[in-house]
Amino acid sequence: EVQILETGGGLVKPGGSLRLSCATSGFNFNDYFMNWVRQAPGKGLEWVAQIRNKNYNYATYYAESLEGRVTISRDDSKSSVYLQVSSLRAEDTAIYYCTRSGSWELGVMDAWGQGASVTVSS
Amino acid sequence: DIQMTQSPTSLAASVGESVTITCLASEDIYGSLVWYQQKPGKSPQLLIYGATILEDGIPSRFSGSGSDTQYSLKINSLQPEDFASYYCQNGLSTPWTFGGGTKLELK
């Protein structure tokens, strides 16, 4: 069974930083691309970042609105992916989902975690 | 970036009815259109990819169609568990942009 579990959410002050972790199991992590998608309260889905696998040289892609403040990384030995977010603002308040994409369907997110809640407030 | 525009933003229907949600891409996405369902308080779930391909385990009352810039999701014979929000997504190129969502409510 595919399992994706995000951790590291919480309350952060404006201007602060946060590192979200995503642990996975139940599939060959090395074969997949991984993404972060966020959803502000009562709003729609916003893709944040993608990291591809070793075959694609771990290429990373970011939403323009967040570029420069986010870094996605992965540790294949731990089947985990991470998202570092800095200079946090109130508008970064959201549930952050970790998702996987197959390397054959680059943008199709076929498995999602339950999400990590991030609240940016003083 | 490819912009995705969904309509309607909300829709009320009854159990047993059929509904259609549309998604318009700002440029040709060559059939690379993805649909997700999100139930309240839950994570999104993949329904359809490649505009028409049903993900494993998704009931056949869901179907997708379209090409170029215009796509649609049809749900036949609505079941109580289908009342949820639906999102389309550009699956052609990064940034992976989503439509604004359609909330399907019980009439």
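Order of the sequence lines fixes the chain letters, A, B, ..., with proteins taken first and strands second; residue numbering starts at 1 for each chain. Both backbone and side-chain heavy atoms feed into the values below; hydrogens, waters and symmetry mates do not.
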Fill in: Pairs involving residues 54-92 of chain A, ordered by first then second residue, that meet ring-ring contact (aromatic ring centres under 6.0 Å, His included) (sequence neighbours left out)
F33(A)-Y56(A)
Fill in: Part of N90(B) lying under 4.5 Å from any heavy atom of chain A
neither
Joint cluster assignment, [X] & [Y], ILVMFWY side-chain distance < 4.5 Å:
| X | Y | result |
| --- | --- | --- |
| L106(B) | Y86(B) | yes |
| L66(A) | I2(B) | no |
| V118(A) | V70(A) | yes |
| Y97(A) | V120(A) | no |
| V81(A) | W112(A) | no |

Worksheet item: When only pairs under 4.5 Å are counted, which of S85(B), G91(B), P95(B) shares the most heavy-atom pairs with chain A?
Response: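 Ranked by heavy-atom pairs under 4.5 Å with chain A, first place is P95(B).
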Worksheet item: Just checking heavy atoms, which of residues 22-53 of chain B are less than 4.5 Å from chain A?
Response: V34(B), Y36(B), Q38(B), K42(B), S43(B), P44(B), L46(B), Y49(B)
Worksheet item: Between Q89(B) (side chain) and G107(A) (backbone), is there a donor-acceptor pair under 3.5 Å?
Response: yes
Practice prompt. Determine whether more than 12 heavy atoms belonging to other residues, nucleotides or ligands lie under 6.0 Å from atom CD of E91(A).
Written response: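 Yes - once you tally the heavy atoms of other residues, nucleotides and ligands closer than 6.0 Å, there are more than 12.
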Item to complete: For F27(A), enumerate each residue passing the ring-ring contact (aromatic ring centres under 6.0 Å, His included) test, keeping only those at least two apart in sequence or located in another chain.
Response: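 Y32(A).
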Discussion item. Non-hydrogen contacts under 4.5 angstrom with chain B: give the residues of residues 34-53 of chain A involved, or none if there are none.
Written reply: N35(A), V37(A), Q39(A), K43(A), G44(A), L45(A), E46(A), W47(A), Q50(A), R52(A)
